[in-house]
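All remarks here apply to the structure that follows.
Counting starts at 1 for both ligands and their atoms, in listed order.
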Amino acid sequence: MELPEGFKKKCSEAKSVVFFTGAGISAESGIPTFRGEDGLWRKFRAEEIASLDALYNNTKEFFEFYRERFLSLRDKLPNPGHYAISEMESVFPDVSVITQNIDGLHRKAGSKQVFEIHGSIFYEYCQTCRYRQRVPDERDEEVPRCPECGGLLRPDVVLFGEAMHEPDWSKAYTAASSADIFFSVGTSALVYPAASLPFVALERGAYIVEVNLTDTPLSRYANLVLHGKSGEILPELVRAAKEIMGRL
Ligand code: BJW
Ligand code: ZN
C-alpha cells in the first residue's frame, strides 16, 4: 500500500495511537450496520427503538429487539480488521480503542485498552436501583425484572438522549486529546457526542486517518482517507506500520 510521506513521518514518531470504531468494522463479522445499505435501522428506526420512550411505552418490543441482538451478537467472531488493530499494540507504545460498538469484538480479538462508549450488550442493569449483572444465556421472562427491587433490567447500552457510558467516555476523551494518530474506522460519524472525538484529536494536532467505504462528514478534515473494507485495509496498514517502524 502506497502511503503519503506525512503519514510515514507521523508513524515513526507516534507514541499514542487511537482507533475510533463504528459498526462498519464489524460488518465483515456478519453484523449489520445501522445506516448502511443493509442497515439494521432500515427495519427498525434507531431513534424509535433505541430510546427510553420505547423502554417505557413499547416495553415488550424493546426487550424482544435487544434479546435478539444479544443472541445474535453472542456468537459473532472478530474479523481481520479487529485483529489488525490488536496487532498494532506490538507496533506502537500506546494504543487505545474507542468503540461505539456494543458487540465486544475488540476484546475478543485481544485489544487490551478498549473504551466502550455506547456500553455492552453482554450486561444489563436495573433502571431503578442500578443493580448490574451479566446477561444470562437462558431467559424465560419477556420483560426481565431486577432481583433486588423488581425494576426493569435493561441492556447496558446507551440509548438516544442518554449520557455516554462511564468511565469509558472520560477515558476516551483523554485518549483522543492526547493522540498522535487518530484512526476513524467504519463509522458514519453522525452520532454525537461520539462524533466529536476526531475533532478533539484534530484540535490537539493529531494526524487523522479515515477508513470507510464512503465519505463521511469527517472526510474533509482527515489528513488521509482510505476507501475500502476495514478488514482489508487495516491488515495492510499494520504491514506498512511495521515496515515504517523497522519491525519487518
Ligand atoms: C464500512 C464497512 C466496512 C460499512 N469497512 N467501513 C442534532 C445534532 C447533534 C446531536 C443530536 C441532534 N439531535 C439529537 C442529538 C443527540 C443524539 C445524536 O447524535 N443524534 C444524531 C443521530 C443526530 N445523540 C444522543 O442522543 C446521545 N446522547 C446524548 O446526546 O446525550 C446528551 C446527554 C448529556 C448528559 C446527560 C444526559 C444526556 C446518545 C447516542 C446513543 C447512540 N446509540 C446507538 C445505539 C446503541 C445501542 C444499540 O446498538 O442498540 O449507538 S445508535 C447507533 O449509532 C449505535 C452506534 O454506536 C451509533 C453510531 O453508528 P455507527 O457505528 O457510525 O454506524 P453507521 O451504520 O451509522 O455507519 C457505519 C459506517 O461503516 C458507514 O459509514 C459505512 O460506510 C461504513 N462501513 N461496512 C469500512 N466493511
Ligand atoms: Zn433494581
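- Considering only non-hydrogen atoms, atom 48 (C) of ligand 1 lies nearest to Arg69 out of Arg69, Met164, Glu210, His118.
- In terms of heavy-atom proximity, Thr128 sits nearest to Leu152 at OG1-N, 4.5 Å.
- At a heavy-atom cutoff of 4.0 Å, ligand 1 is contacted by the side chain of Ala27 but not by its backbone.
- Each of the atoms 62 (O) of ligand 1 lies under 4.0 Å from some heavy atom of Gly22.
- Closest heavy-atom approach to atom 44 (C) of ligand 1 among the candidates Val158, Val185, Ile102: Val158.
- Both the backbone and the side chain of Arg35 come within contact range of ligand 1, each with a heavy atom under 4.0 Å.
- Checked options His106, Arg107, Gln100; the residue passing with Glu116 is Arg107 (criterion: side chain to side chain contact (heavy atoms under 4.5 Å, CB included)).
- For Lys229, no nitrogen or oxygen atom sits less than 3.5 Å from a nitrogen or oxygen atom of ligand 1, counting backbone and side chain alike.
- Here Leu159 has backbone heavy atoms under 4.0 Å from ligand 1, and that is the only part of it that gets that close.
- Short contacts between ligand 1 and Val157, defined as distances under 4.0 Å to a heavy atom of the residue, involve ligand atoms 47 (C).
- Close approach of ligand 1 to Leu190 (heavy-atom distance below 4.0 Å) involves ligand atoms 21 (C).
- Distances below 4.0 Å separate heavy atoms of Glu162 from the following atoms of ligand 1: 27 (C), 28 (N), 29 (C), 31 (O), 38 (C), 39 (C).
- Atoms of ligand 1 found under 4.0 Å from any heavy atom of Thr214 (numbered from 1 in listed order, with element): 75 (O).
- With atom 76 (C) of ligand 1 as the reference point, the heavy atom nearest to it among Asn212, Leu73, Leu213, Leu226 is part of Asn212.
- Taking the ring centre of Tyr123 as origin, the terminal cationic atom of Arg132 falls inside the region bounded by 6.0 Å and 45° from the ring axis.
- Relative to the ring axis of Phe122, Arg74 does not place its NZ or CZ within 45° and under 6.0 Å from the centre.
- Numbered from 1 in the order shown, with element, the atoms of ligand 1 that lie under 4.0 Å from a heavy atom of Glu28 read 3 (C), 5 (N), 80 (N).
- The contact set between ligand 1 and Gly186, taken as ligand atoms under 4.0 Å from a residue heavy atom, comprises 6 (N), 69 (C), 70 (C), 71 (O).
- Within the listing of ligand 1, atoms 5 (N), 79 (C) sit less than 4.0 angstrom from a heavy atom of Gly228.
- Within 6.0 Å of the OH atom in Tyr173, the count of heavy atoms belonging to other residues, nucleotides or ligands does not exceed 12.
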